[in-house]
Amino acid sequence: MELIQNTPDLSAYLAADEVIDHDHPIVREAAARLAKEAADSYAYARLAFEFVRDTIPHSQDSGDLRVTWRASDVLEQGTGICYAKAHALAALLRAEDIPTALCYQKFDEVHGLVAVRFNGAWHRQDPRGNKPGVDAQFSLDGERLAFTPDPESHEMDYPDLYAEPHPAVLSVLKAAPDRPYLWKTLPTALRGTR
């Protein structure tokens, strides 16, 4: 599948905003701590991925009822669903000048992940968090995602790479008072995608 930038301006995939707030002190501190352990940008990207995947539990897996959506809140509270964890990883990567996009897959609900740009190409990564039956790994040499869509079940990969969260995703995150409510309102498809 060919991944398609939603905006041609690569600098948009480095920008800070309300959600991917990599200018926030919590994000900056976490990025600086991880950067001290990394020999280069590739090593940093892997460390940031593993940090989000392994130290921030997916709230559905852990039973946490809180809903986070802003990257700094995900890092501070240590919880989030796939979208929130993708926002946190995007912020950590952008904090170290690694272009990072948000992207999505369609299953029963829409699933969120990221794509990083290295060597002139985009590489999707899924920081959702591993559990029995899920083994996502950081890879620039072939995808090692949490889930693989089954086209016969009307599942799919959206090829779009977004600089900001899809509006349908962000609106349900912001509106949800808790995770059980969020689970009832998760988008089942994304409009305006290819």
Side-chain angles (χ1 to χ4, degrees), residues 6 12-13 15-31 48-95 100-115 124-134 136 145-147 149 153-158 160-193:
N6 191 264
Y13 298 94
D17 59 29
E18 174 190 27
V19 179
I20 304 171
D21 57 342
H22 61 75
D23 50 357
H24 192 283
I26 289 172
V27 179
R28 301 296 314 164
E29 185 277 325
F49 169 84
E50 291 172 352
F51 173 76
V52 173
R53 182 195 66 192
D54 299 342
T55 68
I56 300 171
H58 188 287
S59 58
Q60 175 75 7
D61 296 348
S62 67
D64 197 317
L65 300 180
R66 296 174 291 170
V67 175
T68 54
W69 52 270
R70 184 177 289 118
S72 57
D73 292 340
V74 175
L75 295 174
E76 181 179 45
Q77 295 180 38
T79 190
I81 67 165
C82 60
Y83 309 131
K85 292 183 68 164
H87 300 164
L89 179 55
L92 289 172
L93 294 171
R94 289 182 184 186
T100 307
L102 300 170
C103 46
Y104 303 94
Q105 296 175 306
K106 180 192 180 310
F107 298 100
D108 288 338
E109 291 89 19
V110 174
H111 175 63
L113 52 158
V114 304
R124 293 190 307 165
Q125 313 294 328
D126 192 342
R128 181 228 177 268
N130 291 338
K131 63 180 186 174
V134 176
L145 305 177
F147 309 110
S153 299
H154 304 289
E155 298 174 349
M156 65 178 288
D157 289 305
Y158 289 111
D160 305 84
L161 300 174
Y162 294 91
E164 299 172 348
H166 191 283
V169 167
L170 190 55
S171 66
V172 298
L173 286 170
K174 284 183 167 183
D178 58 30
R179 188 181 38 77
Y181 180 90
L182 175 64
W183 233 245
K184 296 176 194 169
T185 61
L186 289 173
T188 57
L190 297 178
R191 292 178 183 251
T193 55

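- Distance alone, capped at 3.5 Å, places no donor-acceptor pair between the R94 side chain and the A16 backbone.
- Atom CD1 of I56 and atom OG of S62 lie 11.5 Å apart (nearest 0.5 Å).
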Which is it for V169 and L102 under the side-chain contact (heavy atoms from CB on, under 4.5 Å) test, yes or no, and what are the steps along the way?
-> CA-CA 11 Å; V169 167; L102 300 170; over 6 Å; no
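- In plain terms, the two heavy atoms of I20 and A163 that are nearest each other are CD1-O, 3.9 Å.
- A donor-acceptor distance shorter than 3.5 angstrom exists from the side chain of D21 to the backbone of S72, with no hydrogens or angles considered.
- A176 approaches L182 most closely through the heavy-atom pair CB-CB, 3.6 Å.
- The salt bridge (charged side-chain N to carboxylate O under 4.0 Å, His left out) pairs that include a residue from residues 174-186 are E18-K174, where partners are two or more places apart or lie in different chains.
- In terms of heavy-atom proximity, H87 sits nearest to A71 at O-CB, 3.6 Å.
- Enclosure of atom OH in Y181 is not indicated, since only 12 or fewer non-hydrogen atoms of other residues, nucleotides or ligands lie within 6.0 angstrom.
- From L170, atom CG reaches atom OH of Y162 across 13.0 Å, with rounding to the nearest 0.5 Å.
- Counting heavy atoms from C-beta on, the side chains of L92 and V27 come closer than 4.5 Å.
- Atom CG in D61 sits 4.5 Å away from atom NZ in K131 (nearest 0.5 Å).
- A donor-acceptor pair is defined here as one N or O able to donate and one able to accept, closer than 3.5 Å; no such pair exists between the side chain of T55 and the backbone of V52.
- With Y13 contributing its side chain and A115 its backbone, the two residues share no donor-acceptor pair below 3.5 Å.
- Of all heavy-atom pairs spanning A168 and P187, the tightest one is O-CG, 4.3 Å.
- With rounding to the nearest 0.5 angstrom, the CG atom of L89 is 11.0 Å from the CD atom of E50.
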So Y83 and V19, side-chain contact (heavy atoms from CB on, under 4.5 Å) or not? Walk me through it.
-> CA-CA 11 Å; Y83 309 131; V19 179; over 6 Å; no
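- Exactly one residue among H166, H111, M156 makes a side chain to side chain contact (heavy atoms under 4.5 Å, CB included) with Y104. That residue is H166.
- At a threshold of 4.5 Å between non-hydrogen side-chain atoms, the residues C82 and F147 do not count as touching.
- With hydrogens and angles ignored, the 3.5 Å screen pairs a side-chain donor or acceptor of R66 with a backbone N or O of Q77.
- Every residue meeting the side chain to side chain contact (heavy atoms under 4.5 Å, CB included) condition with A146, not counting sequence neighbours, appears here in chain and number order: D126, R128, V134, A136.
- H24 is not listed as a side-chain neighbour of L75, based on a closest heavy-atom distance of 4.5 Å or more.
- In this structure a side-chain-to-backbone donor-acceptor pair under 3.5 Å is missing from S59 to T79.
- Between the NZ atom of K85 and the OG1 atom of T68 there is a distance of 10.0 Å, given to the nearest 0.5 Å.
- A heavy-atom distance below 4.5 Å is found between the side chains of I81 and L173.
- In this structure, SG on C103 lies 4.0 Å from CG on L113, to the nearest 0.5 angstrom.
- A donor-acceptor contact shorter than 3.5 Å is absent between the side chain of R53 and the backbone of N130.
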